[in-house]
Amino acid sequence: MDVRVRYAPSPTGLQHIGGVRTALFNYFFARSMGGKFILRVEDTDRERFSEESLKDLYDTLEWLGIDWDEGPVKGGAYGPYIQSERTELYTKYANQLVEDGKAYHCYCSSERLDKVREVQKKEKKNYGYDRHCRDLSIEERDKNEKDGLKSVIRLKIPLEGKTSFDDLLLGTVTRKNKDISPDPVLLKSDGFPTYHLANVVDDHLMEITHILRAQEWIPSGAMHILLYKAFGWEPPLYCHLPMVMGKDGQKLSKRHGSTSVVDFRKRGYLPEAIINYVTMVGWAYDDSREFFTKEELEKLFSLEKISKSPGVFDYKKLEWFNGQYIRKKSEADLIEEVIPYLKKDGIISEPITEKEMLIIKNMMSLMTERLHFISDISELSRFLFKDIGNYTLTDIIPKKMDFKGTIIALEGARELVEGFESRTDEENEELFRKKAEEVKVKLGSMLMPLRVAISGSKVSPPIFGSLRLLGVDKALERIDHVIGLLKEAVKNENDKEVESGQ
RNA sequence: GUCUCCUUCGUCUAGUGGUUAGGACACCGGGUUUUCAUCCCGGCAACAGGGGUUCGACUCCCCUAGGAGAUGCCA
């Protein structure tokens, strides 16, 4: 059998982790089986539909490198692939079911429906439509039509018996027909189909062979089978994927943090990391391997290794994956990644100057292992491009040292910074050690004020490398500035002592 | 309320009747180091509970509990 699977999102919001996971599993399954991966846009909810979401869908899939064999933009033999362009089809099939006595028009207002539900809830009865219009007489029906009442088309769920489907992962799932949502709406009063109708009709017409979708659809499974039966169609194979949860065990949503892929993208996550990690939630290859490229997954993915139970999305582990992938990148590739962030944050100019490019090229080896996200680059490298705004005096003074001692240490360091560039790092280190001994401080206590002076922070890339990148002139300027600040502070302190008569 | 699905370290998972229950993240400790980070080493930590079946159950069956999802003219 030629495998045909689809990802069928609804463009009512940004693409999120859960959706992308479903897309990935479908995509990898299709590729591993040598089948086709189809993209279908289920834009039947006209109230929540947004153009922005649709664009985000395309952008996200492109960014991740998930390309579809058939679908919007690309086309294919089963199009159109946008459901709002297929409405006549759904109307036709819905009417056919009505004619066959498998479905019926319902004229109930949403107010009545709300009331019914409210009462059911209060009386703790089973929720659901009370099938008010299921057995309307022809006269009643005609009257409603003549009165111009709007109607929906509902599927007649059998009152007796049971329905089951085989799930590739879960086995046979059976439901009593009386437990299935009573007579779900197929065609809405605005003429658009509901998910249930559109989905079944399209999956059949597009000859979809496997449905890989989230487990939240299990309860609808039996109903979909009934729909296939009503049409006299053979249902596809099902595989319900475990859901992705937040830390509290609830379905992953915004309140758990960022869930939209575009957020991760902006933050400086790499698509490789997202693809790899997201696939590992609910799927494992074996007991030791967890790094996979997209190309590898296209070969190795298999349904049997999907787990049944829901998985909690671990932001920390994604972060770790991201760091790993950053460190795997070549320096040239990383430079490409980093430049847009530096521009966005105003660290470098647009267009980039030759001098800036040179610094970037030289600095990358010091930055790579300090990056968790690509976006970290701006804070990390700002001091190489921009002047340092405010120094925090307390940052400059090492532990167990005072202003005067710090000035001595810094002046000692200053001497060595002159002529620094003509010596190797080893030679410099040797000299700094000797100097530290000379002024009776620990090497670290001499280097920390120097670090803060040139980088503006107690945390920075290695000091010798930073000095070379910054250049001796600039470095001396900053050191002198800081020494000036320290001397001023000492003077102020002395003045105070004088004032208080000590 | 009802129905369905799920249940191995805090988290993701390996495991398919006989294992000191393995790995990864996180966390803790140590090492390398001029800070941070990286890297290396070590540690902590799990079969939800109860019944069976069996010479032997994390693995098979049943029950209980817990969790989740669904119950929309949203998907």
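Residue numbers start from 1 in every chain, and the chains themselves are labelled A, B, ... in the order their sequence lines are given, proteins ahead of strands.
The side chain of E290(A) sits closest to A24(B) out of A24(B), G22(B), C5(B). Considering only side-chain atoms of K316(A), the nucleotide from A26(B), U34(B), A70(B) that sits closest is A26(B). For K188(A), counting side-chain heavy atoms from C-beta on, the closest listed nucleotide (G10(B), C73(B), U71(B)) is C73(B). The listed nucleotides are C12(B), A68(B), A75(B); the one nearest the side chain of V312(A) is C12(B). Residue S309(A) places its side chain closer to U7(B) than to any other of G10(B), U7(B), A70(B). Of the listed nucleotides (C6(B), G1(B), C5(B)), C6(B) has the atom at the smallest distance from the side chain of K308(A). Which of U34(B), U35(B), A75(B) sits closest to the side chain of M448(A) comes down to U35(B). Closest approach to the V173(A) side chain among U35(B), C5(B), U71(B) is made by C5(B) (side chain taken as heavy atoms from C-beta onward). Each of A68(B), C73(B), U35(B) was ranked by its minimum atom distance to the side chain of P462(A); first place goes to U35(B).
Between the P atom of A75(B) and the NE2 atom of H196(A) lies a distance of 8 Å, rounded to the nearest Å. In this structure, L14(A) atom CG and A75(B) atom P are separated by 18 Å, rounded to whole Å. Separating the CG atom of D287(A) from the P atom of A24(B) is a distance of 11 Å, rounded to the nearest angstrom. F321(A) has its CZ atom 9 Å from the C1' atom of C25(B), to the nearest Å. Here the P atom of nucleotide U4(B) and the CG atom of D166(A) are 16 Å apart, to the nearest Å. When rounded to the nearest whole Å, the span between CZ of F292(A) and P of C12(B) equals 18 Å. The distance between atom CE of M280(A) and atom P of A26(B), rounded to the nearest whole Å, is 17 Å. Between the P atom of C73(B) and the CG atom of L187(A) lies a distance of 13 Å, rounded to the nearest Å.
Looking only at atom types and distance, the side chain of N428(A) has no donor-acceptor partner in the side chain of R433(A) under 3.5 Å away. For S84(A) and D43(A), the side-chain atoms include at least one donor-acceptor pair closer than 3.5 Å. Side-chain polar atoms of Y104(A) and D183(A) form a donor-acceptor pair below 3.5 angstrom. In summary, the side chains of S375(A) and R267(A) do present a donor paired with an acceptor at a separation below 3.5 Å, with no hydrogens or angles considered.
Scanning both residues, M223(A) and I180(A), for their nearest heavy atoms gives CB-CG2, 3.8 Å. Here the closest non-hydrogen pair linking E421(A) and G471(A) is OE2-CA, 3.9 Å. The minimum heavy-atom distance linking V281(A) with R21(A) is given by the pair O-NH1, 2.6 Å. Smallest separation of non-hydrogen atoms from P158(A) and N177(A): O-CB, 3.2 Å. Of all heavy-atom pairs between C239(A) and I306(A), the closest is SG-CD1, 4.4 Å.
If you check every strand for non-hydrogen atoms under 4.0 Å, M245(A) touches sugar and phosphate atoms only. Within 4.0 Å (heavy atoms only), D179(A) reaches sugar-phosphate atoms of the nucleic acid but no base atom. Residue contacts shown for Q250(A) are limited to sugar-phosphate atoms, with no base heavy atom under 4.0 Å away. Counting any heavy atom pair closer than 4.0 Å across all strands shown, E123(A) reaches no nucleic acid atom. Using a 4.0 Å heavy-atom distance criterion, T368(A) is classed as making no nucleic acid contact. No engagement by P242(A) is indicated, since no non-hydrogen atom pair under 4.0 Å with the nucleic acid exists. Residue contacts for T174(A): at a heavy-atom cut-off of 4.0 Å it reaches the sugar-phosphate backbone alone, with no base atom in range. Heavy atoms of G323(A) sit nowhere under 4.0 angstrom from any nucleic acid atom. I218(A) comes within 4.0 angstrom of the backbone, heavy atoms only, and of no base.
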As a quick check of understanding, evaluate ring pair (Phe, Tyr, Trp, His ring centres under 6.0 Å) for W320(A) and F373(A), giving each step before the final call. CA-CA 10 Å; W320(A) 176 78; F373(A) 311 105; over 10 Å; no
Ring pair (Phe, Tyr, Trp, His ring centres under 6.0 Å) for Y315(A) and F313(A)? Distances and angles first, verdict last. CA-CA 6 Å; Y315(A) 288 84; F313(A) 188 78; 5.0 Å; yes
From CA spacing to verdict: side-chain hydrogen bond (donor to acceptor under 3.5 Å, both in side chains), S460(A), R451(A): CA-CA 7 Å; S460(A) 83; R451(A) 176 186 310 284; 2.8 Å; yes
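Y325(A) carries K328(A) over the face of its six-membered ring, with the cationic atom under 6.0 Å from the centre and within 45° of the normal.
For U4(B), its base never sits under 3.5 Å from the side chain of R175(A) at any donor and acceptor pair. The base of A24(B) sits with one of its N or O atoms less than 3.5 Å from a complementary donor or acceptor on the side chain of K317(A). Side chain S189(A) to base C73(B): a donor-acceptor pair is found below 3.5 Å.
Comparing A8(A) and K251(A) along RNA chain B, the residue whose closest nucleotide (by nearest heavy atom) sits nearer the 5' end is K251(A). In terms of position along RNA chain B, the nucleotide closest to K247(A) lies nearer the 5' end than the nucleotide closest to the other residue of the pair G444(A) and K247(A).
No salt bridge links D45(A) with K188(A); every basic N to acidic carboxylate O contact stays at or beyond 4.0 Å.
Spacing of C1' atoms, A24(B) relative to U34(B), comes out at 32 Å, to the nearest Å. Distance check on atom P: U35(B) versus C12(B) gives 37 Å, rounded to whole Å. Across A65(B) and A48(B), the matching C1' atoms stand 8 Å from one another, rounded to whole Å. Comparing the P positions of G67(B) and C62(B) gives a spacing of 23 Å, expressed to the nearest Å.
A donor-acceptor pair is defined here as one N or O able to donate and one able to accept, closer than 3.5 Å; no such pair exists between the side chain of S181(A) and the backbone of P184(A).
Using a 4.0 Å cut-off, some side-chain N or O of S307(A) falls inside it from OP1 or OP2 of U13(B). Here R433(A) reaches the OP1 or OP2 of U34(B): one of its side-chain N or O atoms lies under 4.0 Å away.
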Can you give one letter per nucleotide of nucleotides 37-49 of chain B, going 5' to 3': B for a protein heavy atom under 4.0 Å from the base, S for sugar-phosphate only, - for none? BSS----------
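For RNA chain B, the neighbouring residues in residues 147-158 of chain A, judged by any heavy atom under 4.0 Å, are V152(A), R154(A). Of the residues in residues 44-51 of chain A, T44(A), D45(A), R48(A) come within less than 4.0 Å of RNA chain B through at least one heavy atom, sorted by number.
Applying the Watson-Crick and G-U wobble criteria (two distances, each under 3.5 Å), G42(B) pairs with C28(B).
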